Enquirer: 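Provided herewith is a single structure, encoded as structure tokens, for subsequent inquiry.
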Amino acid sequence: MVVKVTIVAANQAGHFDVVIIGAGLSGIGAGFHLQKNCPDRSYVILEGRETIGGTWDLFRYPGIRSDSDMYTLGYAFKPWTEAKAIADGPSILRYVRETAAENGIEKNIRFQHKVVSAAWSTEDAAWTVQATRGEAAEPVTFTCNFLFLCGGYYRYEGGYTPDFPGTERFQGRIVHPQKWTEDIDYTGKKVVVIGSGATAVTLVPEMAKKAAHVTMLQRSPTYVVSRPAEDAFANWLRRNLPSKLAYGITRWRNVLFSMYFYRLARNKPAMVKKRIIEMVKQQVGTSCDVATHFTPSYNPWDQRLCLVPDADLFDAIRAGSASVVTDHIETFTETGIQLKSGAMLEADLVVTATGLVLQAMNGLSLTVDGKLVEPGKTLSYKGMMYSDVPNLASAFGYTNASWTLKCDLTCEYVCRLLNHMTRKGLRQCTAHNADPSITEEPWLDFSSGYVQRAMAAFPKQGSKAPWKLHQNYALDLMNLRYSGIDDGVMQFSNPVPAEAKRRAG
Ligand SMILES: Cc1cc2nc3c(=O)[nH]c(=O)nc-3n(C[C@H](O)[C@H](O)[C@H](O)COP(=O)(O)OP(=O)(O)OC[C@H]3O[C@@H](n4cnc5c(N)ncnc54)[C@H](O)[C@@H]3O)c2cc1C
């Protein structure tokens, strides 16, 4: 990546070796890895919002927290040193901001730059990246040799809300958690939270502290597992060992435990299901009908498991400040929600924790040499690059473990790839499938509605390596940290940029 191309375009804002999209957990991590492993490479982070943090700044609903432990959701390179393993949103945001500040990453971020498209030109061996800047959406253009998508996996503009009949009649307020604002006062109010996923099980116990009553209204139950918010063993290690060593030990213990538990759930679903349900029964006692409200029809890990810290949801149910209703919405009325069973739920406030809208490729329109890329027709290479799309990677985490575990490995791989290309004097790398025996599978195999709604537009995974998505940290460690870069599937070439050709006459 020695040749600097100069593509003349309106509002040309500069050329960089790497453009990173997004200043969330992944984008800041990518900046760190590039600075450390490719110090001779220039990079810029283009962030659509006005601040760092992504998810952990966007979501402001009561009780916002992680549902995986921070020893694995944290970066491999920066120990998590707070007492709580299941951390609240503001602490995670502080951690991401601290990482950016400590490593001088902030100066490389251009805020309020929303990237809308990118066009790869083999002739120039470069991407032309189009963004809009500021409130006026002024168009700006960047060029780069490598594009790294770290813009998360869902649409920022708004979440998913089904079309419920009668909402126009409802006299109270309806809010989606993605659009929570500080003026929403639920003290002493009757609240209904629609949903049964991670957001609903977070909101219900937190809102129950102040509301008159909170009802979690779900169509069907989810597996809910309680874990201590604080990890006593990890905190003991931190007090007695250097922080990096303590963090490393806890991180590996948690990685291995979650891999073991996931395998057990897939191999012995009936046993794991029985155990999870027994635990819920112990925690809610006779205050709730566990068979109706906490016994899913699917097997553990067919959908994401929900975690509650220190059994807070079950405590609220036992205390009577929260309850669960499993039913379907017939219609909203002036005063609440009429259910299909005929029952009526009175409400002053309804929170629609009904999910996110998943988005492929950070919502970008991509072209390669003038041809539109249809993400749904590409195959994912090692879960991070895409067939026949050159010099582009994306950070996409695990569904069965913490997001950052995979993103750290992806960043390491991208740096190895860039260094390989520099060493060999190569400009272009393109994953290409020439094996006709590879069959396509969906990117994610979760049965959840929000996943199913989006999968057609997402890249596919293949039936065999390196196109197979393993959702397994140990395997990815081998595939991304230690495997050879030149594996015969990744094709390297060295197109002479048009500018150099012109100069040579
Ligand atoms: C409520 C909630 C709780 C979660 N809890 C967990 C958890 O406990 N454990 C776990 O592993 N995962 C969890 N996740 C998933 C979570 O999103 C990831 O863990 C992680 O925060 C993702 O980081 P990211 O940087 O990849 O994406 P994001 O946090 O989504 O950040 C992406 C950034 O990119 C920017 N961006 C996107 N597109 C563009 C564009 N076109 N142009 C410019 N900028 C762009 C966005 O503005 C944003 O700042 C949770 C998600 C949600 C919504």
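Note that ligands are numbered from 1 as they come in the structure, with each ligand's atoms numbered from 1 the same way. None of these values were measured; they are calculated from a predicted model.
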Enquirer: Residue-level breakdown please: for Y398 versus ligand 1, do any non-hydrogen atoms fall below 4.0 Å on the side chain, on the backbone, on both, or on neither?
Expert: neither
Enquirer: Where the closest heavy atom to atom 30 (O) of ligand 1 is concerned, which of Y156, Y154, Y153 has it?
Expert: Y156
Enquirer: Would you mind checking which non-hydrogen protein atom is closest to atom 9 (N) of ligand 1, with the distance to 0.1 Å?
Expert: S68 OG, 2.6 Å
Enquirer: Looking at G54, which atoms of ligand 1 are within less than 4.0 Å of one of its heavy atoms?
Expert: 29 (O), 31 (O), 48 (C), 49 (O)
Enquirer: Rounded to the nearest 0.5 Å, how far apart are CH2 of W403 and OH of Y153?
Expert: 6.0 Å
Enquirer: Can you list the atoms of ligand 1 that are under 4.0 Å from a heavy atom of H113?
Expert: 42 (N), 43 (C)
Enquirer: How long is the gap from OH on Y247 to OH on Y75, to the nearest 0.5 Å?
Expert: 10.0 Å
Enquirer: Where does the angle between the aromatic ring planes of F257 and Y260 fall among parallel (under 30°), tilted (30 to 60°) and perpendicular (over 60°)?
Expert: tilted
Enquirer: Please round to the nearest 0.5 Å and tell me the distance separating atom OG1 of T410 and atom CG of L417.
Expert: 12.0 Å
Enquirer: At what distance, to the nearest 0.5 angstrom, does OG of S258 lie from CG of N400?
Expert: 7.0 Å
Enquirer: Hey, is F396 one of the residues with a heavy atom under 4.0 angstrom from ligand 1?
Expert: no
Enquirer: What is the nearest protein non-hydrogen atom to atom 34 (O) of ligand 1, stated with its residue, atom name and distance?
Expert: G22 CA, 3.1 Å
Enquirer: Using only heavy-atom distances, determine whether the side chains of Y154 and T55 contain a donor-acceptor pair under 3.5 Å.
Expert: yes
Enquirer: What protein heavy atom lies closest to atom 21 (O) of ligand 1? Include the residue and the distance to one decimal.
Expert: W56 NE1, 3.0 Å
Enquirer: Give the contacting part of T404 toward ligand 1: side chain, backbone, both or neither, where contact means a heavy-atom distance below 4.0 Å.
Expert: neither
Enquirer: Quick one: are W467 and Y381 in side-chain contact, heavy atoms under 4.5 Å?
Expert: yes
Enquirer: Classify the contact between Y61 and ligand 1 as side chain, backbone, both or neither, using a heavy-atom distance cut-off of under 4.0 Å.
Expert: side chain
Enquirer: Is the closest N or O pair between S26 and ligand 1 shorter than 3.5 Å?
Expert: yes
Enquirer: Which ligand 1 atoms does R49 reach within 4.0 Å, using its non-hydrogen atoms?
Expert: 47 (O)
Enquirer: Give the numbers and elements of all ligand 1 atoms closer than 4.0 Å to a heavy atom of L364.
Expert: 41 (N)
Enquirer: Touching ligand 1 at all, I64? Heavy atoms, strictly under 4.0 Å?
Expert: yes
Enquirer: Just so I know, are the side chains of V175 and Y61 near enough to count as touching, which here means a heavy-atom distance under 4.5 Å?
Expert: no
Enquirer: So for C150, does at least one of its heavy atoms come nearer than 4.0 angstrom to any atom of ligand 1?
Expert: yes
Enquirer: Using a strict 4.0 Å cut-off to heavy atoms of G48, name the atoms of ligand 1 that fall inside it.
Expert: 43 (C), 44 (N)
Enquirer: Can an N or O of T55 be found at a distance shorter than 3.5 Å from an N or O of ligand 1?
Expert: yes
Enquirer: Closest approach of L444 and T399, non-hydrogen atoms and distance?
Expert: CD2-CG2, 3.5 Å
Enquirer: Would you mind checking which non-hydrogen protein atom is closest to atom 12 (N) of ligand 1, with the distance to 0.1 Å?
Expert: W403 CB, 4.0 Å
Enquirer: How close does the nearest protein non-hydrogen atom get to atom 8 (O) of ligand 1, and which residue and atom is it?
Expert: D67 N, 2.5 Å
Enquirer: Measure the distance from atom 36 (N) of ligand 1 to every protein heavy atom, then report the residue, atom name and distance (to 0.1 Å) of the closest one.
Expert: G151 CA, 4.0 Å
Enquirer: Can you confirm if the NZ or CZ of R49 lies within 45° of the ring axis of Y156 and under 6.0 Å from the centre of its six-membered ring?
Expert: no
Enquirer: Do ligand 1 and E47 have nitrogen or oxygen atoms that lie under 3.5 Å from each other?
Expert: yes
Enquirer: Below 4.0 Å, non-hydrogen atoms only: which portion of L46 touches ligand 1? Side chain, backbone, both or neither.
Expert: backbone
Enquirer: Could you establish whether S402 and ligand 1 come within less than 4.0 Å of each other, counting only heavy atoms on the residue side?
Expert: yes
Enquirer: Side chain or backbone, does T51 bring an N or O within less than 3.5 Å of an N or O on ligand 1?
Expert: no
Enquirer: Is the positively charged end of K210 above the ring of Y186, judged by distance under 6.0 angstrom from the centroid and angle within 45° of the axis?
Expert: yes
Enquirer: Do the side chains of L405 and D476 get nearer than 4.5 Å, heavy atoms only?
Expert: no
Enquirer: Starting from atom 39 (C) of ligand 1, locate the nearest protein heavy atom and write down its residue, its atom name and how far away it is, to 0.1 Å.
Expert: I21 CG2, 3.7 Å
Enquirer: Examine ligand 1 and decide if any of its atoms is less than 4.0 Å from a heavy atom belonging to Q359.
Expert: no
Enquirer: Show me which atoms of ligand 1 lie under 4.0 Å from any heavy atom of S66.
Expert: 8 (O)
Enquirer: Once rounded to the nearest 0.5 Å, what's the spacing between atom OG1 of T51 and atom CD1 of I109?
Expert: 8.5 Å
Enquirer: Below 4.5 Å, heavy atoms only, C-beta onward: do I105 and I45 meet side chain to side chain?
Expert: yes
Enquirer: Relative to the heavy atoms of K114, which atoms of ligand 1 are at a distance of less than 4.0 Å?
Expert: 42 (N), 43 (C)
Enquirer: Looking only at heavy atoms, is any part of V115 under 4.0 Å from ligand 1, and if so is it the side chain, the backbone, or both, or is it neither?
Expert: both
Enquirer: Look at the aromatic rings of F396 and F458 and report parallel, tilted or perpendicular, splitting at 30° and 60°.
Expert: perpendicular
Enquirer: First locate atom OH of Y223, then atom CD1 of I277, and finally report the distance between them rounded to the nearest 0.5 Å.
Expert: 5.5 Å
Enquirer: Are L149 and M361 close enough that some pair of their side-chain heavy atoms sits under 4.5 Å apart?
Expert: yes
Enquirer: Under 4.0 Å from any heavy atom of G152, which atoms of ligand 1 are there?
Expert: 26 (O), 27 (O), 30 (O), 32 (C)
